[in-house]
Amino acid sequence: MEYTLIIVPLIIGYVLDLILGDPRWLPHPIRLFGNTIAIGEKKMNTGSFIFVKGMLLTLLLVSIVLLFFYTAQKLLQLFPIGYYIFTSVFVFFALANKSLIDEGKAVFKALKQGVNQGRKRLSWIVGRETDQLNEQQIKTAVFETMSENLSDGVIAPLFYYALFGISGAMGYKMINTLDSMIGYKSERYINFGKFAAKLDDVVNYLPARITAILMLVVTAKLHKIPFVLKYGKQHASPNAGYPEAALAAILDCKFGGPNYYHKKLVNKPYIGTNDRMIEDREIKAVAEINQKVTFVFVAIICSIYFFLP
């Protein structure tokens, strides 16, 4: 594949996300993904063979997305301007860095108006129950989410874009959306969403570890790799612990611990040992880490494609 077909849309999509984020007024394909999953789950998550039905729904939706975007990008290569516009727009849709940073900052801003406001705003971006969290727990939840979603919402789609073009990025987004909607270990989803959750674990294996390494690189903290390896593997998720451990190492703070999800107490292991108070100014530092990691990974992809024979 000619390198400009990857690099040009990547740069345009990256800049668009840097400027626009995720405007709520803009129709977004991930909302379409979510609505489709909800319809499929309602129709298929009933009766017998629940696991098989969930697996079939997952494979069907991911295959449709892969086939659609693969066919579109092949056909549009005959019309270069259309190809670049189409691919750039969907690279933009695949990325969620600015919106992630903006939401994190919004929680810290809401906290200045009171802990209840902080709890309410946090509930927009996390799955845990927030009504009993104190100020420190709210700030910790923001940083955990920003580090984990730096992998899920930025590095992973870029990784699969680099490998397979826009079909790879959007196929990944469908898998990740499936996991976020039906990948829970609740009574309703434990069997139906099990395949989607495992598939999400597989596709996030490398991106999560790349994210953690890049976080240490941009902060000159590579000596913290043993810390990340120690605490990253203790997380209930095979992937989320690594970027969370990287941020905990960089900030020298403590993440994790018990939280309620869907009225059920989940005893997550702690990441780190320094149970210090997180300061308001640190949201800016974490936002800068996310920005630097994204920029560096985009630059790496561009460099690889530019210098490939």
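Within the structure, ring-ring contact (aromatic ring centres under 6.0 Å, His included) contacts touching residues 102-151 (residues at least two apart or in different chains) are F108-F143. The list of ring-ring contact (aromatic ring centres under 6.0 Å, His included) pairs with a residue in residues 28-47, not counting sequence neighbours, reads H28-F93.
Here the side chain of Y242 pairs no donor or acceptor atom with the backbone of P238 at under 3.5 angstrom. Checking side-chain atoms of N176 against main-chain N and O of Y172 turns up no donor-acceptor pair under 3.5 Å. A donor-acceptor pair under 3.5 Å links the side-chain atoms of S99 to the main chain of A96, judged by distance alone. Counting only distance, with no hydrogens or angles, the side chain of Y14 and the backbone of V298 share no donor-acceptor pair below 3.5 Å. Of the possible polar contacts, none joining the S88 side chain to the I85 backbone as a donor-acceptor pair under 3.5 Å is found. In terms of modelled atom types and a separation under 3.5 Å, the side chain of Y305 and the main chain of L5 share no donor-acceptor contact. Although no hydrogens or angles enter the test, the distance criterion places no donor-acceptor pair under 3.5 Å between the side chain of D200 and the main chain of A196. Panel note: side chain N134, backbone Q137; a donor-acceptor pair is recorded below 3.5 Å. Judged purely by atom type and a 3.5 angstrom limit, K254 has no side-chain atom pairing as donor or acceptor with the backbone of N274. A distance-only check finds no donor-acceptor pair linking the side chain of Q77 to the backbone of K74 [under 3.5 Å].
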Only distances under 3.5 Å count here; give the side-chain donor-acceptor pairs of residues 154-170 to other protein atoms, sequence neighbours excluded, each with its distance to 0.1 Å.
from	atom 1	to	atom 2	distance (Å)
Y160	OH	V203	O	2.6
Y161	OH	I6	O	2.7
S167	OG	F164	O	3.1

Can you give the donor-acceptor pairs under 3.5 Å from side chains of residues 49-63 to other protein atoms, not counting sequence neighbours?
from	atom 1	to	atom 2	distance (Å)
K53	NZ	T46	O	2.7
K53	NZ	S48	O	3.2
T58	OG1	G54	O	2.9
S63	OG	L59	O	2.6

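V91 is not connected to F79 by any chain of hydrophobic side-chain contacts under 4.5 Å among Ile, Leu, Val, Met, Phe, Trp and Tyr, and they are in different clusters. Grouping the Ile, Leu, Val, Met, Phe, Trp and Tyr side chains by contacts below 4.5 angstrom, directly or via other members, places L78 apart from F68. Note on I190: it does not cluster hydrophobically with F195, by side-chain heavy-atom contacts below 4.5 Å among ILVMFWY residues. Transitive grouping of hydrophobic side chains (ILVMFWY, heavy atoms separated by less than 4.5 Å) keeps L206 and V202 in distinct clusters. Under a hydrophobic-cluster definition in which Ile, Leu, Val, Met, Phe, Trp and Tyr are linked whenever side-chain heavy atoms come within less than 4.5 Å, directly or via other members, M174 and L67 are assigned to different clusters.
For F295, the CZ atom counts as loosely surrounded, since its 6.0 Å shell holds 12 or fewer non-hydrogen atoms of other residues, nucleotides or ligands. Residue I81 places its CD1 atom among 12 or fewer non-hydrogen atoms of other residues, nucleotides or ligands, all under 6.0 Å distant. A 6.0 Å sphere centred on NZ of K105 holds no more than 12 heavy atoms belonging to other residues, nucleotides or ligands.
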Before you tell me yes or no, could you show the steps for Q291 and I101 under side chain to side chain contact (heavy atoms under 4.5 Å, CB included), namely the whole-Å CA-CA distance, both residues' side-chain angles and the distance that decides it to 0.1 Å? CA-CA 9 Å; Q291 294 284 26; I101 291 170; 3.7 Å; yes
With salt bridge (Lys or Arg N to Asp or Glu O under 4.0 Å) as the test, would you mind laying out the steps for K139 and E279 before giving the verdict? CA-CA 9 Å; K139 291 178 179 178; E279 300 178 27; over 6 Å; no
Please lay out, stage by stage, how R128 and E144 fare under the test salt bridge (Lys or Arg N to Asp or Glu O under 4.0 Å). CA-CA 12 Å; R128 73 192 68 180; E144 290 175 359; 2.7 Å; yes
Report the C-alpha distance between L20 and K98 in whole Å, list the side-chain angles of each, state the deciding distance to 0.1 Å, and finish with yes or no for side chain to side chain contact (heavy atoms under 4.5 Å, CB included). CA-CA 8 Å; L20 298 177; K98 186 178 188 300; 5.9 Å; no
Checking side chain to side chain contact (heavy atoms under 4.5 Å, CB included) for the pair S151/N239: CA distance, chi angles, key distance, verdict? CA-CA 9 Å; S151 176; N239 301 312; over 6 Å; no
Pair I250-K224, side chain to side chain contact (heavy atoms under 4.5 Å, CB included): steps then yes or no: CA-CA 8 Å; I250 292 164; K224 295 288 188 178; over 6 Å; no
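Residues T4 and Y84 are in side-chain contact: their nearest non-hydrogen atoms beyond the backbone lie under 4.5 Å apart. In this structure, the side chains of L247 and F255 come closer than 4.5 Å at one or more pairs of heavy atoms. T130 has its side chain within reach of L133: a pair of non-hydrogen atoms, C-beta onward, lies under 4.5 Å apart. T140 is listed as a side-chain neighbour of Q136, based on a closest heavy-atom distance under 4.5 Å. A heavy-atom distance below 4.5 Å is not found between the side chains of V217 and K292. Side-chain contact between L26 and D22 is absent, with no heavy-atom pair separated by less than 4.5 Å.
Note that CG of D179 and CD1 of I37 are 10.0 Å apart. Values are rounded to the nearest 0.5 Å. Taken to the nearest 0.5 Å, the OG1 atom of T177 stands 10.0 Å off from the CG atom of L32. Between I138 atom CD1 and N116 atom CG the span is 8.5 Å, to the nearest 0.5 Å. Taking CE of M215 as the reference point, atom CG of L222 lies at 12.5 Å (rounded to 0.5 Å). The CG atom of L10 sits 4.5 Å away from the SG atom of C302 when rounded to the nearest 0.5 Å. Between the CG atom of L111 and the CD atom of Q113 there is a distance of 9.5 Å, given to the nearest 0.5 Å.
The closest side-chain donor-acceptor pair between Y189 and N45, if any, does not fall under 3.5 angstrom. No donor-acceptor contact under 3.5 angstrom links the side chains of N97 and D17, judged on distance only.
The aromatic rings of F86 and F69 sit tilted relative to each other, their planes meeting at an angle between 30° and 60°.
Considering every non-hydrogen atom in both F227 and G272, the closest pair reads CZ-CA, 3.6 Å. Heavy atoms only, all atoms of each residue included: G171 and V65 are closest at N-CG1, 3.7 Å. In terms of heavy atoms, V228 sits closest to A246 at CG2-CA, 3.7 Å. Between T294 and L150, the closest heavy-atom pair is OG1-CD1, 3.9 Å. Listed here is the closest heavy atom pair of G40 and F192: O-CZ, 4.5 Å. Between P243 and A208, the shortest heavy-atom contact is CD-O, 3.8 Å.
With sequence neighbours excluded, the residues satisfying salt bridge (charged side-chain N to carboxylate O under 4.0 Å, His left out) with E282 are R276. For E148, there are no salt bridge (charged side-chain N to carboxylate O under 4.0 Å, His left out) partners two or more places apart in sequence or in a different chain.
Geometric assessment of R209 against the ring of Y205 yields a positive cation-pi assignment under the 6.0 Å and 45° thresholds.
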